[in-house]
Amino acid sequence: MTEHSRYNVGGQEDGGVLKNKLNINDQKTLEDAETILFSDAYKYFFGLLEKGKLKFDVKFIFQIHKYSLETLYQWAGKIRTVEISKGGVLFCASSQIEKALKEFEKILSQNMPASIDAKDIIIEKLAIIHCEFNAIHPFREGNGRTIRLFIDLLVVSHGFNPIDYAKSSQHDYIKACIRGMSKDYSQMQEVILKGLSK
Ligand SMILES: Nc1ncnc2c1ncn2[C@@H]1O[C@H](COP(=O)(O)OP(=O)(O)OP(=O)(O)O)[C@@H](O)[C@H]1O
Ligand SMILES: [Mg+2]
């Protein structure tokens, strides 16, 4: 399936494949390149985490996106300028993203896991962070991978393993994201509970 048929967006497609700096025009090759870049980003940011250099704020989410995708896309680390919907669900209007991110910054600081938090409280907080970020969907592409990496860094900093989303089906994960769009975080909590281990 091409990007064009999956996403309702304007402008940047080139024969169904996202326009990119390396002029890759084959979808599979582009996806492979993205996979390599995100895997490099995991190594890079987990290296920084070991040095204790991370501050978990919105700026950092943008840094993750930029570092991960700037080899391929000029819009890496930048707010999208096109409207995006998935499965009939419209994400935040591009004109409202900046405002929504200011709200999200508050949500993020209110829901930072603390070392005294019980596991169920940490799961509640992570579900809110994941779902609220997804509802904004500030980037043109790569929103899911970026917030999952951010949350993985966060949980590892609290002594957990990275979250294993494969413990839930793709269907249940997407359903959890859809529910989260209307602030029902319960299914995302389920997904995180299944995937979170020490
Ligand atoms: N119908 C939907 N409603 C709400 N959220 C959705 C829906 N479908 C997918 N999502 C969310 O959007 C994310 C995909 O967004 P995007 O394509 O920008 O990220 P990605 O990193 O490229 O993809 P993926 O997360 O699939 O690896 C999914 O991870 C999920 O969180
Ligand atoms: Mg995508």
Side-chain angles (χ1 to χ4, degrees), residues 1-14 16-20 24 26-42 45 58 61-94 97 100-101 104 107 126-154 162-192 194-195:
M1 217 188 287
T2 64
E3 285 292 333
H4 192 75
S5 60
R6 267 194 297 168
Y7 305 150
N8 175 25
V9 292
Q12 302 179 26
E13 277 75 19
D14 179 10
V17 177
L18 269 179
K19 198 186 271 182
N20 58 87
I24 296 169
D26 171 69
Q27 183 61 25
K28 171 80 171 62
T29 310
L30 189 58
E31 282 170 14
D32 288 349
E34 290 181 358
T35 301
I36 291 165
L37 290 171
F38 268 99
S39 131
D40 174 59
Y42 261 81
F45 287 109
V58 169
I61 296 177
F62 274 65
Q63 280 167 359
I64 292 176
H65 191 265
K66 184 169 193 294
Y67 181 92
S68 305
L69 291 177
E70 72 180 339
T71 306
L72 279 175
Y73 305 116
Q74 53 82 22
W75 41 259
K78 294 182 185 155
I79 290 175
R80 68 178 151 81
T81 55
V82 293
E83 308 311 322
I84 296 184
S85 66
K86 282 187 208 295
V89 178
L90 188 62
F91 296 108
C92 182
S94 58
I97 293 175
L101 285 171
F104 180 71
I107 291 171
L126 296 175
I128 293 171
I129 292 171
H130 194 310
C131 291
E132 289 300 324
F133 179 82
N134 182 58
I136 303 172
H137 233 73
F139 305 119
R140 172 70 185 77
E141 176 63 62
N143 294 279
R145 284 165 289 180
T146 299
I147 198 63
R148 291 194 297 273
L149 173 47
F150 178 84
I151 288 175
D152 278 348
L153 289 161
L154 196 48
I163 294 174
D164 185 358
Y165 290 91
K167 294 270 190 241
S168 300
S169 66
Q170 179 77 3
H171 174 81
D172 283 354
Y173 175 63
I174 299 293
K175 224 167 73 184
C177 291
I178 294 170
R179 287 285 175 85
M181 299 282 293
S182 45
K183 300 196 184 295
D184 172 359
Y185 309 118
S186 55
Q187 295 201 9
M188 187 58 83
Q189 287 172 17
E190 286 285 312
V191 168
I192 295 173
K194 282 184 188 163

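Order of appearance sets the numbers: ligands from 1, and atoms from 1 within every ligand. All of these numbers come straight from a predicted model, not from anything done at the bench.
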Test item, Arg148 contacting ligand 1 (heavy atom, 4.0 angstrom): yes
Tyr173 to ligand 1, any heavy atom closer than 4.0 Å: yes
side-chain contact (heavy atoms from CB on, under 4.5 Å) between Arg148 and Tyr165, worked out: CA-CA 9 Å; Arg148 291 194 297 273; Tyr165 290 91; 3.5 Å; yes
Centroid-centroid under 6.0 Å between Phe133 and Phe150 rings: no
Test side-chain contact (heavy atoms from CB on, under 4.5 Å) applied to Phe45 and Leu153, Asp40, Asp152, the passing residue: Leu153
Closest to atom 10 (N) of ligand 1 among Glu31, Lys86, Glu34 (heavy-atom distance): Lys86
Any donor-acceptor N/O pair, His65 side chain to Glu141 backbone, under 3.5 Å: yes
Short N or O distance, Arg145 and ligand 1, threshold 3.5 Å exclusive: yes
Under 4.0 Å to a heavy atom of Phe91 - the qualifying atoms of ligand 1, by number: 4 (C), 5 (N), 6 (C)
Distance-only donor-acceptor check, side chains Ser182 and Asp184, under 3.5 Å: no
Contact check: Gly142 vs ligand 1, nitrogen or oxygen atoms, below 3.5 angstrom: yes
Close side-chain approach of Ile61 and Leu101, heavy atoms under 4.5 Å: no
N or O contact, His137 vs ligand 1, cut-off under 3.5 Å: yes
Sub-4.0 Å atoms of ligand 1 with respect to non-hydrogen atoms of Glu141: 16 (P), 17 (O), 18 (O), 20 (P), 22 (O)
Minimum heavy-atom distance Phe91-Arg80, with the two atoms named: CB-NH2, 3.7 Å
Shortest-distance N, O or S atom of Glu141 relative to the Mg ion (ligand 2): OE2
Part of Asn143 within contact of ligand 1 (heavy atoms, under 4.0 Å): both
Phe38 vs Leu69 side-chain heavy atoms within contact, under 4.5 Å: yes
N/O separation below 3.5 Å, Cys177 to ligand 1: no
